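Written below as structure tokens is the structure these notes are about.
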Amino acid sequence: MSCDYIQLANPGVQKLHPYQAGKPVSELERELGISDIVKLASNENPNGLSEKVKQAIEKEFKDGCRYPDANGHYLKSALAEKFNIETSQITLGNGSNDVLEMIARCFVLPHHEVIFSQHAFCVYPLVSQAIGATLVEVPAKEWGNDLNAMLKAITDKTKMIFVANPNNPTGTWLGEAPLKEFMQKVPKNIIVVMDEAYTEYVTDGSIPHTIDWLSEFENLVVTKTYSKAYGLASLRVGYAVSSEVICGLLNRLRQPFNVNSFALAAGIAALEDHAYLEKAIVVNQNGMEQIKASCKDLGLSFIPSAGNFLTVDYGQNAMPIYEKLLHKGVIVRPVANYQMPNHLRISIGLEFENQRYVDAITQVL
Ligand SMILES: *Cc1c(COP(=O)(O)O)cnc(C)c1O
């Protein structure tokens with residue numbers, strides 16, 4: 001007798017859709033038989049791996065047959081020093097998506113509600129839906145988090161609020177004053193997850209570094225990643241910073257060895273390579289100007305962005321434009337799954353990569 005395995009799955013899982021990643025270069029090569037492809041689709045750092053990181057990874061080969069340090073002691077020590085916090089406040093993850101999932105699984109049950117913004121990073125609904133919790137999507141304000149509307153959405157079932165600052169895929173950001181006021185108003189029994197995947201790109205003080213707020217707000221969990229400005233997307237390493245108590249809970253459900261030895265070593269080396277990070281920021285600023293200039297030339301509007309990407313409004317269904325760009329060997333990111341069918345998200349690349357996009361879009365439109 002056969003069995004309907006879809007019906008057997010957890011109800012939350014039945015409703016899930018797989019995460020749609022940016023199209024890999026190798027896939028487009030296979031599909032269209034073209035080479036010389038530029039990928040501006042996953043907000044990756046275009047500057048290659050840091051040389052210091054490469055050396056650190058190579059040193060790990062000799063013990064490559066051993067399990068990594070399950071506690072990530074040296075990486076946590078380096079992070080603790082950088083942020084002036086205790087190692088007992090840091091939870092390491094296989095990318096920050098791993099910690100986002102841990103945080104949700106730690107606190108959220110099927111009868112809870114989880115609040116996040118319209119156009120917010122899709123991993124928040126994904127991890128909450130998997131648990132079977134009720135998703136409360138709050139309409140965005142000017143493409144960003146509407147903090148007052150999020151406060152109004154709180155009920156006695158609310159367990160968690162996700163805020164990305166800056167937000168992906170819109171690039172919008174929130175300054176210190178509104179965020180602090182928000183934190184002061186959220187009841188202490190609701191966990192606020194502040195996803196700061198892109199804050200390294202913001203150097204003018206317009207975004208608060210909320211790790212410094214942890215002593216004031218014990219319900220705050222800040223997540224950060226090495227995948228963007230530090231250029232370690234392939235290695236999968238990110239972390240949460242929280243109170244010791246919450247960190248202790250997260251570590252109870254963390255998979256042992258969730259961060260591999262190469263990523264642990266790379267994370268330490270990346271913190272030491274200041275020149276790499278500075279260059280990443282400058283290349284991003286210049287590339288951002290280059291893409292914005294092309295928008296102005298073409299009469300396209302865009303959402304001002306504090307990240308390493310620009311989300312552009314083409315004033316028409318953007319999917320055919322995306323497809324035409326693919327045929328010119330330029331991969332960008334459709335965001336129709338974020339209720340933004342007329343937009344495409346362009347990750348900032350190296351100058352020649354950005355130029356490939358500019359030339360292609362000029363021909364396509
Ligand atoms: C890219 C991104 C992350 C980072 O994901 P990793 O798992 O660390 O690679 C987290 N949050 C947002 C909003 C992002 O855009």
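Both counts, for ligands and for their atoms, begin at 1 and track the order of listing. Just so it is clear, the structure is predicted and the values come from calculations on it, not from any experiment. Position 1 is the first residue of the sequence, and the numbers go up from there.
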Check: Which residue holds the protein heavy atom closest to atom 14 (C) of ligand 1, what is that atom called, and what is the gap in Å?
Finding: Lys228 NZ, 3.2 Å
Checklist line | Numbered atoms and elements of ligand 1 in range of Ala197, under 4.0 angstrom, heavy atoms | finding: 2 (C), 3 (C), 10 (C), 11 (N), 12 (C), 14 (C)
Item checked: Residue, atom name and distance, where the atom is the protein heavy atom closest to atom 7 (O) of ligand 1 -> Arg236 NH2, 2.7 Å
Note to self: Less than 4.5 Å apart, side chain to side chain, heavy atoms only: is that true for Ile207 and Leu174?
What the structure shows: no
Item checked: Sidechain N-carboxylate O distance under 4.0 Å for Glu31, Lys23 -> yes
Check: Quick check, are the ring centers of Phe162 and Tyr124 under 6.0 angstrom apart?
Finding: yes
Next item on the list: Using heavy-atom distances, let me know which of Asn43, Asn165, Asp195, Thr223 sits nearest atom 11 (N) of ligand 1.
Entry: Asp195
Next item on the list: Compute the centroid of each ring, for Phe121 and then for Phe116, and state whether the two points are separated by less than 6.0 Å.
Entry: no
Note to self: Counting the benzene-type ring for Trp, do Tyr198 and Phe309 have ring centres under 6.0 Å apart?
What the structure shows: yes
Check: Which residue holds the protein heavy atom closest to atom 9 (O) of ligand 1, what is that atom called, and what is the gap in Å?
Finding: Ser227 OG, 2.6 Å
Tell me which donor-acceptor pairs under 3.5 Å the side chains of residues 50-57 have, and how far apart each pair is, sequence neighbours excluded?
unit_1: Ser50; atom_1: OG; unit_2: Lys52; atom_2: N; d: 3.2
unit_1: Ser50; atom_1: OG; unit_2: Val53; atom_2: N; d: 3.1
unit_1: Ser50; atom_1: OG; unit_2: Asp273; atom_2: OD2; d: 2.7
unit_1: Glu51; atom_1: OE2; unit_2: Lys54; atom_2: NZ; d: 3.2

Margin query: If I apply the N/O under 3.5 Å rule, does Asn94 come out as touching ligand 1?
Written below: no
Margin query: Please work out, at 4.0 Å between heavy atoms, whether the side chain, the backbone, both, or neither of Tyr226 comes within that distance of ligand 1.
Written below: neither
Checklist line | Residue, atom name and distance, where the atom is the protein heavy atom closest to atom 4 (C) of ligand 1 | finding: Ser96 OG, 3.2 Å
Checklist line | Proximal atoms of ligand 1 relative to Asn168 (non-hydrogen, under 4.0 Å) | finding: 13 (C), 14 (C), 15 (O)
